[in-house]
Amino acid sequence: MKRIVIHEEYCIGCRLCEVHCLVQHSESHDIIRAFRTERNSIMPRLTIEESGPVSFALQCRQCEEPACLEACISGAMHRDPETGAVMCDESRCVGCWMCIMVCPTGAIQQNLLGNRIASKCDLCYGADMPACVANCPNEALTYEEI
Amino acid sequence: MRIVIVGNSATAVGAVETIRQHDQASTITIVSEEPHGIYSRPMLDHYLGGEIDAARLNYRPSDFYVTHNVQPLLADRVSSINPEAHTVNTESGQVLSYDKLLLATGGQPIVPPMNGLDTGGVFSFTRLDDARAIEQAFSERSVQNAIVVGGGMIGMKVTDALCHRGLKVTLAELAPRILSAAMDEIGASIMTEVLLNGGVEVLTGNTVSEIHSEDGWISSVTMKDGSEKACDLLVFGIGVRPNAGLARDAGIEVNRGIVVDRYMCTSAPDVYAAGDVAEAYDLVVDMNRTVAIWPNAYRQGAIAGAHMVGIEEPDQGGVAMNAVQAFGIPAMAIGNGNVEQEGYSILADENKRNHRYKKLVFDEKNHLVGAILVGDINRAGIYTGLIRAKLDLSECKDSLLSDHFGLLSLPGSYRKHVVRGLGIEV
């Protein structure tokens, strides 16, 4: 399956990936509206790590044997039958945080903006190219068949 | 191949999903004494609290048995196993032959012996029928005052759920503090305060010793200290003990749980055990023990299933861990966060007013062996990953509790290993 590959040596910490992730997961898909009116109900699905000159954007790593999948008590964490991607069905999630407790990269976040749910990268479900990769100006993120 | 699985929860699902990845031909029969399809036990408190409806308890889609070609034999109980003949007998009189047998019989709720256990309004809390019976009590009568026996993770969850339903709850714990197994004193004291702020009465060093009733329904209890408490609901949330009677009767080696190797094989040929009933490898304490948690149950089931179809991938071991929330404050205990031992060192950061606490425990080799987190559980899994990795963290110990803690706080080699993606390193 296709996975997002991080090239931390190319990351300049511009946070465009974060901006476009948020817009992608907004209802309006409009950058102004997403930030002005939807900001309190949506959150980016990636985490930017930064320390001195080193930075990178971290999304779900799509593990071969996902710890979140075996820890999930609700069945919300599942593999998409078509793409094989690890996905969280937010309508089934109860926010028990078991997945957060076991994800070795810390790529899953608490979404407390509405119902308590686990929030993670969905590879921009259905898109040919995830928004973070498409909008990275320095190819610090690539989308590759691995 | 004929595969028989006794049990119908996470372990069974882990086994079935793994078997079917590799083998479509074998027959799989699931025997379960409960009449229900697959549901999630750890979600029962969410159901009891009114957060989700019964449909959301489904851990897998309702056509799971069909899509995975499983023959369910529900509302029947395995009465005996004959390892020599490779058969199991059920109470309904069926004799099932197996080539491979998985015992995923889970745990039985611990209920201390006392007078009045058969009174109406007294429940344990491990099964859907328990939750439904409590639900029915709510609809049939006005239930106002509940006593929850057991101040561990289960007792906490039940307490939180009953508070959600508007009940006045008393939590009784025999140990000197709640969460005595999972949490240290500071973590437990913060969670105690969270409960007290929520209106819960917390009794420690005390438990119920006798149940009194009026017209067949619980009316009060006598506590160990001799005091009397009026109540109209009692829930035991002490925990579970391995349901290993079947294996013991069949001559299979049992300590506290059924003894298994790294492939979940028991002492009897072609008989596996996994989940809450099994005494499997725990990588933190470096020995086998029973740890009744969902992730272990699923993973062990998957390992047993894989071995059945000829894939020998030994269990790397489990880490005892649990997560609980009370009144919106999350708490986690991972590994040996509550163990003080010579040579161990501790890093801790405490902010009681904000109900926040973080504690990391390292062994003499500077390997992380445990973590306790209250309030801020962000990126907790990185700690779990470090516990599993058994990495020397002496270089970066001090940054592990920083507010900016993340993968960048960790040694470069480990970070790159994780960041490149598990299984996709180049």
Side-chain angles (χ1 to χ4, degrees), chain A residues 1-9 11 47-52 54-79 81 89 91-110 112 115-116 144-146, chain B residues 10 13-14 38 40-43 46 51-52 56-61 157 293-299 301-302 319 321-325 328 330 332-334 371 373 377-386 388-389 399 404-409 412 415-416 418-424 426:
Chain A
M1 64 172 287
K2 275 193 155 181
R3 290 179 162 91
I4 298 172
V5 179
I6 299 166
H7 308 272
E8 65 175 47
E9 62 279 19
C11 178
T47 304
I48 311 252
E49 292 221 16
E50 208 167 1
S51 172
V54 187
S55 62
F56 60 86
L58 177 82
Q59 315 81 350
C60 165
R61 300 286 81 211
Q62 298 292 341
C63 303
E64 299 267 302
E65 290 181 12
C68 58
L69 228 143
E70 62 180 40
C72 178
I73 63 168
S74 69
M77 284 294 175
H78 65 285
R79 270 195 195 282
D89 179 349
S91 71
R92 297 177 68 191
C93 177
V94 290
C96 72
W97 315 138
M98 290 288 280
C99 53
I100 291 180
M101 184 164 62
V102 300
C103 175
T105 63
I108 307 172
Q109 291 166 294
Q110 303 175 71
L112 303 169
N115 287 338
R116 240 167 36 194
E144 297 171 28
E145 191 71 46
I146 297 176
Chain B
V13 173
I38 294 157
S40 169
R41 286 181 211 288
M43 296 262 281
H46 298 263
E51 205 182 313
I52 57 168
R56 293 245 330 252
L57 287 170
N58 287 344
Y59 172 59
R60 287 293 182 263
K157 290 179 182 189
I293 59 170
W294 193 261
N296 282 6
Y298 184 92
R299 193 192 67 254
V319 176
M321 59 172 117
N322 222 325
V324 68
Q325 286 177 86
M332 287 179 182
I334 309 166
L373 308 172
I377 52 117
N378 218 356
R379 314 200 77 185
I382 297 179
Y383 297 126
T384 308
L386 289 173
R388 298 194 77 94
S399 57
H404 307 292
F405 166 72
L407 293 175
L408 275 177
S409 318
R415 167 166 53 87
K416 285 198 173 160
V418 180
V419 162
R420 289 301 270 182
L422 302 176
I424 59 165
V426 284

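Heavy atoms only: backbone and side chains are in, while hydrogens, waters and symmetry mates are out.
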Using heavy-atom distances under 4.5 Å, tell me whether [X] contacts chain B through its side chain, its backbone, both, or neither.
{"X": "A/E8", "result": "side chain"}
{"X": "A/C72", "result": "backbone"}
{"X": "A/S91", "result": "backbone"}
{"X": "A/E49", "result": "both"}

Open item on the list: To check you understand the geometry: which heavy-atom pair defines the closest contact between B/Y59 and A/I73, and what is its length?
Closed with: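 Looking at all heavy atoms of both residues, the shortest contact is CD1-O, 3.6 Å.
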
Task: Interface residue of largest heavy-atom contact number with chain A, from B/I52, B/V13, B/T384, under 4.5 Å - done: B/T384

TODO: Give the member of B/W294, B/Y298, B/Y383 that has the highest number of heavy-atom pairs under 4.5 Å with chain A.
DONE: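 Option with the top pair count is B/W294.
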
Open item on the list: Quick check on B/P42 against chain A: is it the side chain, the backbone, both or neither that has a heavy atom closer than 4.5 Å?
Closed with: both

Open item on the list: Please report the interatomic distance CG(A/N115) to CD(B/E51), rounded to the nearest 0.5 Å.
Closed with: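 Rounded to the nearest 0.5 Å, the CG-CD separation comes out at 8.0 Å.
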
Below 4.5 Å, heavy atoms only, C-beta onward: do [X] and [Y] meet side chain to side chain?
{"X": "B/L408", "Y": "B/R415", "value": "yes"}
{"X": "B/Q325", "Y": "A/R116", "value": "yes"}
{"X": "B/M321", "Y": "A/V102", "value": "yes"}

TODO: Tell me, out of A/L58, A/I100, A/V54, who's got the most heavy-atom pairs with chain B below 4.5 Å.
DONE: A/I100

TODO: Give a yes or no answer on whether the side chain of A/E145 reaches the backbone of A/M1 with a donor-acceptor pair at less than 3.5 Å.
DONE: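 Flag set: sc A/E145 to bb A/M1 pair under 3.5 Å.
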
